[in-house]
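Scroll down for the structure; my scribbles are underneath it.
Both counts, for ligands and for their atoms, begin at 1 and track the order of listing.
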Amino acid sequence: MQISRFFNPKKAFFAAFLFVSTVSFSQLRNAEVHKYIEKIQSSYREIIHLPNIDGYVTVKCDFHTHTVFSDGQVTPMMRVNEAWSDGLDAIAITDHIEYRPFKDITNPDFNKSNEMGVKHGESIDFIVIKGAEITRKKPIGHLNALFIEDVNKLKQDDPVDAIKEAVKQGAFVMWNHPGWPNDSTTMYDIHRQLIKEKLIHGVELFNAKEWYPRVLSWGKETGLTLMGNSDMHYTIRNNYGGEKMARPMTLVFAKEKSEKGIKEALFDGRTLVLFFNILAGKEDLLKNFVDKCIDVKVIDKKKGVIEATNNSDIEFSIKYGDNLVILAPDKVTRLTLQQKKPVLFSNCFTGEEENLVMALW
Ligand SMILES: [Zn+2]
Ligand SMILES: [Zn+2]
């Protein structure tokens, strides 16, 4: 009788059941939470709305990134996942050849980061281009060799020999951040010579957080392909925050969305540069692309009442007369604008001091 006062078998069983079920239930919940976090980190991708132009597909690229195999802070796989999540279509891994602070821990084979990136890219159907950054002092500065076969052969005393070897391998060579390490944005004799000899094919108009408007003039003078890249060493979130389209990109107008298609387009100069909602590049391509971004429906021809639909994720700001109008992304804007009236796009640049000007209808 005494025992029953302290020990009720029914209550004890219920308490034990409660204890076991609480423990196992919380374990189950922990497992679910863990899985959920994994899913967030690896499975979601932004959809960036940018139209194609006639005959070409618009491919969103970043041709300048670093990994732990040079002075970057992440693995090649992480760099690829990050770009996929950001909604890009292709990146190049371009580790420094001459600057490898983690070389005591990483593999001494200079091709390793490319091999790991390409293999991972293939496993998630994402284009990864093999590259390397030839890293020298001014005047020649830094140059990326893209679409290369063997980085080890680019380790040469003379940087021009390294460039020649890259070109022998079929590389597209671009001159990086021409305003670094001073802000003079100077083209030196060595660059003129290399451009003349077709050993430099492209140049960065935008790098990381800097843009070099003078490069638009160089593009006109020399025909160099214009590029805009992140030069990412840390993570995109570190440098640009987590907003959609926060990172800069080179828009490539390719005959097909493939490495081969991108390469052909780069050698032909079919690019625009997009950074912080600014679009810059050669006038004909810019006109063509913006024309595809904005559809116009005429409501009242006489009064000039129109509806402009912005089919892109770029916010366009237009000026005409005393009017300043924002064409918000994925929205329809109703405005009054006479037919054939030229409109200035204040976020679109075709030259150092020149904006895109064209009629909307
Ligand atoms: Zn560099
Ligand atoms: Zn770099």
Side-chain angles (χ1 to χ4, degrees), residues 61-76 78-80 82-83 86 88 90-103 106 110-114 116-117 128-148 151 154-156 158-160 162-163 166 171-188 190-191 194-195 199-212 214-215 218 224-240 247-250 266 271 273 275:
C61 306
D62 185 348
F63 296 108
H64 194 165
T65 72
H66 294 277
T67 78
V68 73
F69 285 85
S70 62
D71 57 345
Q73 302 286 318
V74 306
T75 62
M78 184 66 203
R79 196 52 87 213
V80 173
E82 179 186 57
D86 290 340
L88 265 60
I91 61 163
I93 290 175
T94 56
D95 278 314
H96 297 285
I97 295 172
E98 294 83 359
Y99 185 55
R100 301 205 161 217
F102 306 123
K103 64 174 183 290
T106 53
F110 285 18
N111 291 311
K112 203 68 200 168
S113 57
N114 280 326
M116 290 166 79
V128 179
I129 295 157
K130 291 183 193 170
E133 184 167 11
I134 299 162
T135 310
R136 305 299 170 101
K137 289 198 177 85
K138 286 257 172 179
I140 197 166
H142 297 186
L143 300 110
N144 277 356
L146 308 175
F147 312 100
I148 45 176
V151 188
L154 270 57
K155 203 176 169 341
Q156 308 263 357
D158 185 339
V160 176
I163 293 168
F172 176 93
V173 178
M174 52 180 270
W175 177 17
N176 301 341
H177 40 72
W180 179 89
N182 52 50
D183 62 0
S184 62
T185 320
T186 307
M187 189 187 283
Y188 295 96
I190 180 73
H191 302 115
L194 291 168
I195 293 164
L199 293 169
I200 292 181
H201 314 101
V203 58
E204 279 181 337
L205 171 69
F206 186 91
N207 173 284
K209 289 184 177 176
E210 292 183 343
W211 87 292
Y212 318 105
R214 189 172 296 166
V215 170
W218 294 352
L224 285 178
T225 301
L226 305 172
M227 337 268 292
N229 303 308
S230 70
D231 198 357
M232 193 44 50
H233 288 72
Y234 298 91
T235 68
I236 292 293
R237 191 170 275 269
N238 281 145
N239 281 37
Y240 301 103
R247 67 189 284 169
M249 56 189 92
T250 306
L266 285 186
T271 63
V273 179
F275 55 98

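Among residues two or more places apart in sequence or in another chain, the salt bridge (charged side-chain N to carboxylate O under 4.0 Å, His left out) test is passed with Arg136 by Glu98. Here Trp180 pairs with His142, His177 under the ring-ring contact (aromatic ring centres under 6.0 Å, His included) rule; sequence neighbours left out. Residues forming a ring-ring contact (aromatic ring centres under 6.0 Å, His included) with Phe206 (at least two apart in sequence, or on another chain): Phe275, Phe276.
In this structure, His191 and Ile200 approach most closely via the heavy-atom pair CD2-CD1, 4.2 Å. Contact between Leu266 and Leu146 at its shortest, heavy atoms only, is CD1-CD1, 4.3 Å.
Here the side chains of His64 and Asn207 are in contact, with some heavy-atom distance below 4.5 Å.
Distances shorter than 2.8 Å separate the Zn ion (ligand 2) from the protein N/O/S atoms His64 NE2, His66 NE2, Glu133 OE1, Asp231 OD1.
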